[in-house]
> 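Here it is, the structure in full.
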2 protein chains.
Amino acid sequence: MANTRQQVHEQLRARIIRLDLEPGSALSENDLAAELGVSRTPVRESLILLGDEGLVDVYPQLGTFVSRIRPADVASAQFVREALECAALRDAVGRASPRDLTDLRRLLRAQGDAAEDADMDGFFRLDEDFHARLMAVGGHASAWPVVAQAKAQLDRARRLSLPLTQQLPLLIGQHTAVVDLLEAADPAAAEESLREHLRLVFSDVEKIRRRHPELFSEDGETPRPRRKPVARP
Amino acid sequence: MANTRQQVHEQLRARIIRLDLEPGSALSENDLAAELGVSRTPVRESLILLGDEGLVDVYPQLGTFVSRIRPADVASAQFVREALECAALRDAVGRASPRDLTDLRRLLRAQGDAAEDADMDGFFRLDEDFHARLMAVGGHASAWPVVAQAKAQLDRARRLSLPLTQQLPLLIGQHTAVVDLLEAADPAAAEESLREHLRLVFSDVEKIRRRHPELFSEDGETPRPRRKPVARP
DNA sequence: GCTGACGTACTTGTATGGTAGCCGACACCT
DNA sequence: AGGTGTCGGCTACCATACAAGTACGTCAGC
């Protein structure tokens, strides 16, 4: 990719979602530009886009900060994701070709392998591929970016919940159930199964919130972050 | 609002949706900066955001153009809007307070007045208010921006269909039906009524496509637009 | 008349300089 | 001691300069 801005944007986005950049930490245009070996311009433009996605908060003349996870945003993202994926699945039932089904089942097997190897990054990618493919089967691949943007808010917290590795087989089982019901052409049951699966992710986020409250924004908190104090002589 | 970028962004966005800036026309950073009396930077940053929304297409080293309406994008936007608004309406049934219902009915009356006065801009605003309020009643006000972004693709074409003014009472009637069924707490009928309403808008876009094909991107069209010829001496 | 090379004018992309505003630290006054 | 004014350093914002690239108009050559 020739475009510096896109490179910076993708890299920062990945780092934020991986929690490599911690919620609440400051992001200075100057520091990032120096660290990445580019000028401030593409960094700044990337931060503007990330602000639009809700992944960073920009306070003019004060600083840019990795946004803390806002419970209201999580609920909103979950609503968007659930509504879109379930609607797409309803359209997918009856439209799935044999090729679609074999591809989906291949993804399921790959997820099983990744779970056995404890390959978290691989499992995450395959999970994303699975859900994207499901929407594509319904003829709504072009709506996936909307889901992906909403998902970003959830994935930051989910990444922490996976060390509870014993859940992986459960997730794969739910995926399998969705595919089975899709093949059986039972729209209502398929949708309910998918909804249950997505809601499980939601409750995971709530668990993480209790275990890592520092990643979330308290309700009564002042929205204005503090600048880091200078070193005293 | 002190922020120049936001001002430029909102103004350009409004102009594009109003079709004041015609699909396919070139937008030069320099020209816009001169016209608006600001430098290239805020203009450029606005164009990046508009590109992210799908309202302009940026071709590096070639130019930036108001995007033609892509039928695939219209279908995608319609899917997103329908899924989200219908899901929100399902949640709204049974939650609507008397205050919600009176506010909604006040909006309906205002729409009737705007229709009588042939106040198109006013009717558009009230239509937007109505749908936003409907989602708020379901507790999903924060998901409205997602709908609004999808709606932008539809509204560009809709603006042309409204001179068929005789449709306005039909739209208001459908709005009224939704509120009636919401008050009657009939989720299935309310959802079906809203879906029919949204689909009508969708079919309007198709009508406009036949009457104004120049606003839409042909399927076999080369994606690379031509640069405007220079004046000869 | 037709074809192909080339120059020019335009575009967006990137880098850098200067400005207004905010916060924290600290001396000073009450 | 508690409040207040000022100063310094930092920030994002905006303006501007430079670089890389594309397409069109021109014109030489056939």
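Per chain, numbering begins at 1; letters A, B, ... match sequence-line order.
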> Could you check whether A:Leu27 gets within reach of a base, just the sugar-phosphate, or nothing at all, counting any heavy atom under 4.0 Å?
sugar-phosphate
> Pick one: which of B:Val56, B:Val66, B:Leu50 meets side chain to side chain contact (heavy atoms under 4.5 Å, CB included) with B:Leu12?
B:Leu50
> Determine whether a donor-acceptor pair (one donor, one acceptor, N or O, separation below 3.5 Å) exists between the side chain of B:Thr41 and the base of D:dA15.
yes
> Could you check A:Arg40 against A:Arg5 and say which one's nearest nucleotide on DNA chain C is further toward the 5' end?
A:Arg5
> Rounded to whole Å, how long is the line connecting atom CZ of B:Phe65 with atom P of C:dC10?
15 Å
> In whole angstrom, what separates A:Glu45's CD from D:dC13's C1'?
13 Å
> A:Asn3 side chain N/O closer than 4.0 Å to the phosphate oxygens (OP1, OP2) of C:dT14?
yes
> Is A:Asn30 close enough to C:dT16 that one of its side-chain N or O atoms is under 4.0 Å from OP1 or OP2 there?
no
> Could you check how far CD of B:Glu29 sits from P of D:dC14, rounded to whole Å?
15 Å
> For C:dT12, does either OP1 or OP2 sit under 4.0 Å from a side-chain N or O belonging to B:Thr64?
yes
> Using whole Å, what does the distance between atom P of nucleotide D:dC14 and atom CD1 of B:Ile48 come to?
13 Å
> Figure out the CG/C1' separation between B:Asp57 and C:dT11, and round it to whole Å.
15 Å
> Looking only at heavy atoms, what is the nearest atom pair of A:Leu47 and A:Glu29, with distance?
CD1-CG, 3.9 Å
> Report yes if at least one side-chain N or O of B:Ser39 is closer than 4.0 Å to OP1 or OP2 of D:dC14; otherwise report no.
no
> If you check every side-chain atom of B:Gln61, which of D:dC13, D:dA23, C:dT12 has the closest atom?
C:dT12
> By nearest atom, which of the nucleotides D:dA15, C:dT11, D:dA23 is closest to the B:Leu62 side chain?
D:dA23
> Check B:Arg158 with B:Asp127, please: is the shortest side-chain N to carboxylate O separation under 4.0 Å?
yes
> Under 4.0 Å between a side-chain N or O of A:Arg44 and OP1 or OP2 of D:dC13?
yes
> Do the side chains of B:Asp155 and B:Arg18 get close enough for a salt bridge, i.e. N-O under 4.0 angstrom?
no
> Could you check how far CG of B:Leu47 sits from P of C:dT12, rounded to whole Å?
8 Å
> Let's go through B:Leu198 and B:Arg195 carefully: what are the C-alpha distance in whole Å and the side-chain angles of both, what is the deciding distance for side chain to side chain contact (heavy atoms under 4.5 Å, CB included) to 0.1 Å, and is it a yes or a no?
CA-CA 5 Å; B:Leu198 296 174; B:Arg195 196 179 300 272; 5.9 Å; no
